[in-house]
Amino acid sequence: MHALVTKADDNPHLANTLITSYIKLGRIDYGHKLFFNLSTPIVVSYTALISAYAKCNREDEAIKLWFEVASMKSFGGMVGHQIHAHALKVGLEMNLSVNNALIGFYTKCGSVDDLVAVYEGMRAKDVITLTGMISGYMEFGMVESAVEVFDQIPGRNCISYNALLTGFCQNGEGLRALLMFREMVEDHMEISDFTLTSVVKACAVLTEKEISRQIHGFVIKCGCGSTAWIDAALLDMCTKCGRMEEAQKMFGQWSHIQSRSVVWTSIICGYAQNGQPDEAISLFCKMQADGDGTVDEVASTAVLGVCGTLGFYEMGKQIHCNILKSGFLSDLCLGNGVISMYGKCGNMEDAIKLFNLMPKHDIVSWNSLIASHLLHRQGEEALVVWLNMEKVGIKPDSVTFVLILSAYRYTMSSSVNTCRGLFYSMRSRYGIEPTSYHYSSMVGVLGYWGCFEEAEELIKELPFDPDASIWRALLDSCRLRSNTTLGRQVAKHLLAIKPQDPSTYILVSNLYSASGRWHCSDRVRNEMREKGLRKHPSRSWVIYQNKIHSFYARDKYHLQTKDIYSGLDILILECMKIGYEPDTSFVLHEVEEHQKQDFLLYHSAKLAVTYGILMIGLGRPVRVVKNIHLCGDCHTFFKYVSVVTGKEISLRDASGFHCFKNGECSCGDYW
DNA sequence: CTAGGGTTAG
């Protein structure tokens with residue numbers, strides 16, 4: 001029987017047979033040992049062991065085991081609470097190891113209150129208790145409490161240090177983690193694989209290219225040998241610090257890393273975050289095709305995010321189907337990812353349906369639903385979700401408020417009062433400190449409804465110096481409401497803060513062109529060019545047959561360029577017949593008059609929409625995504641196109657969705 | 001008692 005043990009490693013069912021056999025032979029210790037060497041034991045193994053322990057009066061061991069089962073994601077917290085009650089019943093409330101297990105359990109499945117209650121009720125505490133509490137507090141974001149506990153530990157070991165280090169990283173405190181590490185080195189603490197993994201992660205959190213290089217060198221020089229854990233962390237660090245070439249190189253070389261799914265996910269996210277989402281998608285396809293690594297919850301969540309960014313609806317839906325088939329819908333992040341994918345791909349119905357089907361929601365689930373409504377400019381619906389949250393007693397977080405405040409752009413102007421009230425009650429009623437994001441949202445709402453004086457007042461009252469995001473919000477409102485006088489002042493502030501950011505100049509230039517001041521608009525653009533700054537080119541794309549068909553203005557790279565241009569010419573003529581007049585004011589002033597129409601009529605969005613109309617079958621909407629704001633002429637044009645073709649056009653730009661149908665747009669012509 | 005990749009907003 002012992003001979004079979006080596007084969008049991010990657011076969012949990014064989015392992016289970018062995019475990020039960022050992023138990024029958026009266027050798028629980030062998031079964032126990034085998035069990036703990038398995039990376040993924042099956043649940044019946046837990047049960048078998050627990051009953052075995054229960055039979056030989058090892059209640060404490062049994063309870064400890066049960067906590068591990070209860071901490072597993074799929075079991076939720078239900079079982080753990082029952083076991084806690086059971087432990088109290090059998091008089092184990094002062095048992096040190098059971099209480100330590102409880103701390104671990106409530107860290108993973110419970111609330112801070114439960115955790116603290118156990119901790120404070122304990123008479124005897126050891127290093128394990130205190131280290132557990134460090135992790136516990138860190139898990140709930142209570143960094144300072146964790147540090148306090150750490151300072152109290154009399155005989156701190158390297159595990160306590162590591163727990164603190166990991167916790168810092170978890171809470172985005174990369175710098176503190178690095179300082180801590182220096183302290184460890186100076187104190188001659190033992191530097192283990194755990195320590196190094198955390199240090200590398202700290203660099204990933206900091207996203208500083210130079211520091212990441214230094215630590216990278218140190219870790220390699222450290223000579224502790226590379227382990228799969230450290231290598232995976234190094235690779236991930238490179239993707240987070242914009243060192244994609246190196247990450248890619250490691251990825252090709254390190255086939256020894258056990259869990260390939262992890263590095264696949266790292267590298268896919270890396271491309272997504274470094275502005276190459278299409279590369280991320282094709283890598284994902286390769287991952288599936290090669291079968292190198294399982295597409296698990298985490299990989300799926302990551303790819304769903306990319307699908308949302310690109311509007312890859314079909315693929316997103318496919319991933320959702322695969323999730324349903326494999327049955328791991330219990331993962332909250334994954335569910336949230338699906339909601340926001342549907343939201344970003346224009347399918348509000350499915351986003352709502354899934355939200356209602358999910359057995360559990362966290363704050364991100366609620367926020368995702370609200371965010372999706374906002375993307376569709378559904379202010380009232382967003383507020384209904386907010387009301388439901390309050391009814392159910394969900395505590396909003398900082399993100400919720402950024403969203404809810406913005407929702408008042410899409411409601412009636414009279415509700416600005418409600419919005420204002422909400423803003424001022426954030427701190428007092430909800431205990432959430434307004435940050436510059438909240439001020440930006442508020443300024444955006446006030447500006448949207450033309451309350452410029454109040455918006456200015458609000459900025460004057462700021463408890464900190466206004467940053468670029470606040471001026472941007474105000475400037476964009478000035479564009480929307482053609483308030484050039486104020487806009488000019490705002491532009492000055494913004495240019496003073498962000499003189500190197502091309503988007504600043506575009507924003508200012510758009511302000512002038514919106515009110516017909518072409519010379520000013522051109523002057524700003526020239527200024528930008530003289531500084532050697534170039535704007536992100538405007539780009540639009542359509543997903544067709546799982547491929548991205550991307551267009552720049554007047555580009556002729558697409559294989560079907562001829563068909564697209566002649567199709568577009570026909571569309572233009574048809575639209576002109578029913579009243580469309582190209583509005584050349586949306587073309588830069590400096591362009592020669594006779595070229596203006598060319599510049600205008602072949603904007604990237606027009607090319608993409610035409611391609612969609614040519615390719616997408618009857619009865620299905622044309623879905624287009626554009627990286628920046630849609631111009632006014634394209635907007636007018638698409639309204640006509642929806643009439644002459646009878647098709648529904650759903651276009652997502654930087655402001656949200658425009659749904660063109662029967663000559664109207666869902667944005668109400670303000671965006 | 002300490003380890004890896006993921007979701008919302010800007």
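Every chain is numbered from 1 and lettered A, B, ... according to where its sequence line falls, protein lines coming before strand lines. Keep in mind that the numbers below use all heavy atoms, side chains included, and drop hydrogens, waters and symmetry copies.
Ranking B:dC1, B:dG6, B:dA9 by closeness to the A:Ala371 side chain, first place goes to B:dA9. Nearest to the side-chain atoms of A:Asn367 among the listed nucleotides B:dG10, B:dT8, B:dG5 stands B:dT8. Here the nucleotide nearest the side chain of A:Asn162, chosen from B:dT2, B:dG10, B:dT8, is B:dT2. Closest to the side chain of A:Cys333, from the set B:dG10, B:dT8, B:dG6, is B:dG6. Side-chain proximity of A:Thr131 to the nucleotides B:dA3, B:dT7, B:dC1 is greatest for B:dC1. When distances run from any side-chain atom of A:Ser340 to the nucleotides B:dC1, B:dG6, B:dT8, the shortest one goes to B:dT8. Side chain of A:Val298, nearest nucleotide from B:dG5, B:dC1, B:dT7: B:dG5. Closest approach to the A:Val402 side chain among B:dA3, B:dG10, B:dC1 is made by B:dG10 (side chain taken as heavy atoms from C-beta onward). Side-chain proximity of A:Gln273 to B:dG10, B:dA3, B:dG6: nearest is B:dG6. Taking the side chain of A:Ser135 as heavy atoms from C-beta on, and the options B:dG5, B:dA3, B:dT2, the nearest nucleotide is B:dT2.
Side-chain contact check for A:Tyr271 and A:Gln248: at least one donor-acceptor pair (N or O, by modelled atom type) lies under 3.5 Å. Residues A:Ser469 and A:Ser440 have side chains that bring a donor and an acceptor to within less than 3.5 angstrom of each other. A donor-acceptor contact closer than 3.5 angstrom is absent between the side chains of A:Thr294 and A:Asp296.
Atom pair A:Asp397:CG and B:dG10:P shows a separation of 13 Å (rounding to whole Å applied). Note: CD1 (A:Ile267) to C1' (B:dG4) measures 14 Å, nearest angstrom. As a whole-Å value, the separation of A:Lys64 NZ from B:dC1 C1' is 11 Å. Distance CG (A:Leu332) to C1' (B:dG6): 12 Å, rounded to an integer number of Å. A:Arg260 has its CZ atom 19 Å from the P atom of B:dG4, to the nearest Å. When the P atom of B:dA3 is taken as reference, atom CG of A:Leu164 falls 12 Å away, rounded to whole Å. For the pair A:Phe194 CZ and B:dA3 P, the computed distance is 7 Å after rounding to whole Å. One can place CG of A:Leu235 at 11 Å from C1' of B:dG4, the figure rounded to the nearest angstrom.
A donor-acceptor contact under 3.5 Å is not formed by the side chain of A:Ser266 with the base of B:dG5. Side-chain to base pairing of A:Asn336 with B:dG6: no donor and acceptor N or O lie closer than 3.5 Å to each other. With hydrogens and angles ignored, a donor-acceptor pair closer than 3.5 Å exists between the side chain of A:Asp296 and the base of B:dG5.
A:Phe168 does not carry A:Lys201 over the face of its six-membered ring by the limits of under 6.0 Å from the centre and within 45° of the normal. A cation-pi arrangement is present between A:Arg156 and A:Phe150, with the terminal nitrogen or guanidinium carbon under 6.0 Å from the aromatic centre and inside a 45° cone about the axis.
Among the protein residues, A:Ser368 comes within range of the sugar-phosphate backbone only, with heavy atoms under 4.0 Å from sugar or phosphate atoms but none that close to a base. If you check every strand for non-hydrogen atoms under 4.0 Å, A:Lys344 touches sugar and phosphate atoms only. Using a 4.0 Å heavy-atom criterion, one finds that A:Ser198 contacts no nucleic acid atom at all. Looking at heavy-atom distances under 4.0 Å, A:Asp236 makes contact with sugar-phosphate atoms alone, never a base.
An aromatic stack links A:Trp229 and the base of B:dA3, using centre distance under 5.5 Å and interplanar angle under 30°.
Between A:Lys201 and B:dG5 there is a side-chain polar atom (N or O) within less than 4.0 angstrom of OP1 or OP2.
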Residues 333-353 of chain A side chain polar contacts: donor-acceptor under 3.5 Å, at least two apart:
unit_1   : atom_1 : unit_2   : atom_2 : d
A:Asn336 : OD1    : A:Ser365 : OG     : 2.7
A:Asn336 : ND2    : A:Leu332 : O      : 3.3
A:Asn336 : ND2    : A:Asp362 : OD1    : 3.2
A:Ser340 : OG     : A:Gly337 : O      : 3.4
A:Tyr342 : OH     : A:His320 : ND1    : 2.8
A:Asn347 : OD1    : A:Glu349 : N      : 3.4
A:Asn347 : OD1    : A:Asp350 : N      : 3.0
A:Asn347 : ND2    : A:Tyr313 : OH     : 2.7
A:Asn347 : ND2    : A:Asp350 : OD2    : 2.9

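Every residue two or more places apart in sequence or in another chain that forms a salt bridge (Lys or Arg N to Asp or Glu O under 4.0 Å) with A:Asp501 is listed here: A:Arg472.
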